[in-house]
Amino acid sequence: MAFSISAKHGLLSSKTSLYRALHRQISPNRIQSVRAASSATADSQLTEKYCLELVRSRDYDGFVSSLLLPEEARRSSLALRAFNVELAQVKDSVSQKTIGLMRMQFWKTAIEDIYRDDPPNQPVTAELWRAVRQHYLTKRWLLRIITEREKDLDDRAYRNLQELEAYSENTQSSLLYLLLESLGLKNVHADHAASHIGKAQGIVTCLRATPYHSSRRKVYLPMDICMLHGASQEDFIRGSREQNVRDVVYDIASQAHVHLQHARSFSSNVPATATPAFLQTVVVEDYLQRVRRADFDVFSPSLQNKNPLLPFQLYLRSWKKTY
């Protein structure tokens with residue numbers, strides 16, 4: 001049945017009224033607001049991806065460990081590890097200490113700005129700001145990592161093992177304290193475990209990097225232990241595999257093992273919710289076992305290859321909720 005002229009007119013009037021109503025609802029301000037929200041979401045995704053890729057390329061073990069964290073802590077963990085990577089690579093990426101100090105100053109200022117809710121327009125600081133807001137992260141730990149990395153720009157060997165342990169506490173352990181906070185946990189026993197795990201991790205990192213540093217004619221191993229066994233810096237630069245060099249590695253690796261055992265002595269009092277932050281113990285333990293099998297020859301080719309089973313071992317440890 002055909003519409004009458006009046007019916008058609010009424011239908012057109014209704015459509016016109018509907019369009020006007022929609023136009024009033026979607027005002028220019030609202031359109032700008034929607035666009036701003038969409039842009040913010042896109043920016044957030046880009047900064048998240050930037051941190052993820054940075055950690056995956058520069059700290060693969062930390063990347064896998066972060067993926068195994070509970071969802072609410074995963075993104076913050078990647079932000080913290082990206083922050084740590086940014087600081088760690090300053091030393092190797094600058095030709096003059098002054099430039100390194102300027103970069104460290106940037107990060108000190110950035111942390112202050114983050115806690116004033118005014119982060120710099122940079123991917124890692126944007127993600128770090130998000131993590132700070134979400135988990136109320138302690139500023140002191142972030143600044144302590146920067147300060148210790150700044151002191152490390154002096155580019156000299158550790159005078160003794162205690163100095164290496166102090167550096168590890170201020171960097172690796174501080175990072176673990178922040179990871180615990182991202183898991184919503186503040187527990188004295190977990191903190192004690194984190195302190196020892198961080199020291200073990202820092203010591204192992206120093207050992208693992210020895211072949212790389214030696215190839216650049218640099219040695220950072222504790223001088224007191226080297227002197228104790230009559231091993232010179234030149235021995236390491238030449239890649240010596242003599243017994244005195246192995247003895248140095250043995251003593252240093254043994255201290256990392258002691259810290260790992262101390263950390264595990266707290267396990268009965270550490271909440272199960274803290275164990276995801278301690279997955280790096282798998283990486284530490286893996287290296288210590290491999291260097292022992294190599295008879296503490298830090299230059300052994302077997303130590304230069306990644307363990308292909310490590311991701312599975314990390315997953316298994318996370319499933320068991322142990323460290």
Side-chain angles (χ1 to χ4, degrees), residues 36-37 39-55 58-59 62-63 66 69 72-155 166-187 190-191 194-195 198 201-202 205 277:
S39 177
T41 301
D43 288 346
S44 178
Q45 291 172 345
L46 286 174
T47 56
E48 181 183 13
K49 184 179 179 181
Y50 178 91
C51 289
L52 185 147
E53 293 297 337
L54 178 61
V55 177
R58 299 286 184 171
D59 178 17
F63 168 72
S66 293
L69 289 177
E72 62 273 13
R74 199 173 301 150
R75 184 170 176 177
S76 296
S77 172
L78 287 169
L80 289 166
R81 292 194 181 280
F83 165 70
N84 191 52
V85 167
E86 288 275 13
L87 294 175
Q89 62 188 9
V90 168
K91 185 175 180 177
D92 287 336
S93 64
V94 298
S95 56
Q96 297 178 1
K97 181 182 176 181
T98 306
I99 299 173
L101 290 172
M102 289 171 62
R103 291 195 185 180
M104 291 302 180
Q105 186 56 50
F106 163 81
W107 284 105
K108 285 181 181 178
T109 304
I111 296 302
E112 296 295 341
D113 290 342
I114 283 170
Y115 280 85
R116 284 196 291 265
D117 273 342
D118 186 26
N121 186 22
Q122 196 262 9
V124 176
T125 56
E127 285 296 292
L128 208 53
W129 172 73
R130 179 189 173 280
V132 166
R133 282 171 58 88
Q134 183 177 357
H135 304 291
Y136 306 99
L137 301 179
T138 302
K139 180 167 70 171
R140 181 173 76 256
W141 303 133
L142 294 166
L143 290 175
R144 192 161 84 158
I145 295 172
I146 300 171
T147 300
E148 195 64 31
R149 295 284 191 187
E150 185 179 58
K151 288 193 293 184
D152 194 47
L153 292 174
D154 288 334
D155 203 29
Y167 173 79
S168 303
E169 163 69 29
N170 290 333
T171 53
Q172 302 294 348
S173 298
S174 294
L175 181 62
L176 290 176
Y177 300 147
L178 290 162
L179 288 176
L180 287 172
E181 289 184 347
S182 73
L183 289 167
L185 191 71
K186 290 190 177 181
N187 177 276
D191 286 346
S195 176
Q201 187 178 351
T205 299

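Here the CG-CG distance, from Asp92 to Asp155, works out to 8.5 Å after rounding to the nearest 0.5 Å. The distance from atom CD of Gln96 to atom CG of Leu101, rounded to the nearest 0.5 Å, is 11.0 Å. To the nearest 0.5 Å, atoms NZ (Lys151) and CG (Asn170) are separated by 6.0 Å. We find the CG-CZ distance between Leu178 and Arg144 to be 9.5 Å, quoted to the nearest 0.5 Å. With rounding to the nearest 0.5 angstrom, the CG atom of Leu87 is 12.0 Å from the CD atom of Glu148. Here Leu179 contributes atom CG and Leu137 contributes atom CG; the two are 9.0 Å apart, rounded to the nearest 0.5 Å.
Closest of all the heavy-atom pairs between Leu143 and Glu112 is CD1-OE2, 3.8 Å. Closest approach of Ala194 and Ser173 over heavy atoms only: O-OG, 3.5 Å. Residues Leu185 and Ala190 come closest through the heavy atom pair CD2-CB, 4.3 Å. Across all their heavy atoms, Ser174 and Ile145 have their closest contact at CB-CG1, 3.7 Å. Nearest heavy atom pair, residue Gly198 against residue Leu176, reads N-CD1, 3.7 Å. What you find for Ser168 and Gly202 is that their closest heavy atoms are OG-CA, 3.2 Å.
Counting heavy atoms from C-beta outward, Glu150 and Val90 have side chains that stay 4.5 Å or more apart. Put simply, the side chain of Ile146 reaches to within 4.5 Å of the side chain of Phe83, judged on heavy atoms. Looking at heavy atoms from C-beta onward, Ser195 lies in side-chain contact with Glu169 at the 4.5 angstrom threshold.
Side-chain rings of Trp129 and Tyr115 stay apart, their centers remaining 6.0 Å or farther from each other.
Crowding of Asn121 atom CG: a count of heavy atoms from other residues, nucleotides or ligands under 6.0 Å not exceeding 12.
Taking the six-membered ring where tryptophan is involved, the planes of Trp141 and Tyr177 are tilted, since the angle between them lies from 30° to 60°.
In this model, a donor atom of one side chain and an acceptor atom of the other lie less than 3.5 Å apart for Glu181 and Thr138. Using a 3.5 Å distance cut-off with no hydrogens or angles, the side chains of Arg149 and Asn84 do pair a donor with an acceptor. With no hydrogens or angles considered, a side-chain donor-acceptor pair links Ser77 and Ser66 at under 3.5 Å. In summary, the side chains of Ser44 and Arg75 do present a donor paired with an acceptor at a separation below 3.5 Å, with no hydrogens or angles considered.
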CA sep, side-chain torsions, deciding dist, call: Leu54, Val124, side chain to side chain contact (heavy atoms under 4.5 Å, CB included): CA-CA 10 Å; Leu54 178 61; Val124 176; 4.3 Å; yes
Check the pair His135 / Leu183 against side chain to side chain contact (heavy atoms under 4.5 Å, CB included), numbers first and verdict last. CA-CA 8 Å; His135 304 291; Leu183 289 167; over 6 Å; no
What verdict does the side chain to side chain contact (heavy atoms under 4.5 Å, CB included) test give for Arg103 and Val94, after you've listed the backbone C-alpha separation in whole Å, the side-chain angles of each residue and the deciding distance to 0.1 Å? CA-CA 10 Å; Arg103 291 195 185 180; Val94 298; 3.9 Å; yes
Starting from the C-alpha separation in whole Å, work towards a yes-or-no answer on side chain to side chain donor-acceptor pair (under 3.5 Å) for Gln201 and Thr205. CA-CA 6 Å; Gln201 187 178 351; Thr205 299; 5.1 Å; no
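Among Thr47, Leu128, Asp43, the single residue meeting the side-chain contact (heavy atoms from CB on, under 4.5 Å) criterion with Pro123 is Thr47. The side-chain contact (heavy atoms from CB on, under 4.5 Å) with Glu86 is formed by just one residue from the set Gln122, Arg58, Arg81; it is Gln122. Of the candidates Leu80, Leu175, Ile114, Leu142 forms a side-chain contact (heavy atoms from CB on, under 4.5 Å) with just one, namely Leu80.
With hydrogens and angles disregarded, no donor-acceptor distance shorter than 3.5 Å links the side chain of Asp59 to the backbone of Val55. Side-chain atoms of Ser76 never come within 3.5 Å of backbone atoms of Ser182 as a donor-acceptor pair (strictly under, hydrogens ignored).
We find that Asp113 and Arg116 are joined by a salt bridge, their nearest charged nitrogen and carboxylate oxygen being less than 4.0 Å apart. We find that Lys97 and Asp154 are joined by a salt bridge, their nearest charged nitrogen and carboxylate oxygen being less than 4.0 Å apart. The existence of a salt bridge linking Arg130 and Glu48 is excluded, since no basic side-chain nitrogen approaches an acidic carboxylate oxygen closer than 4.0 Å.
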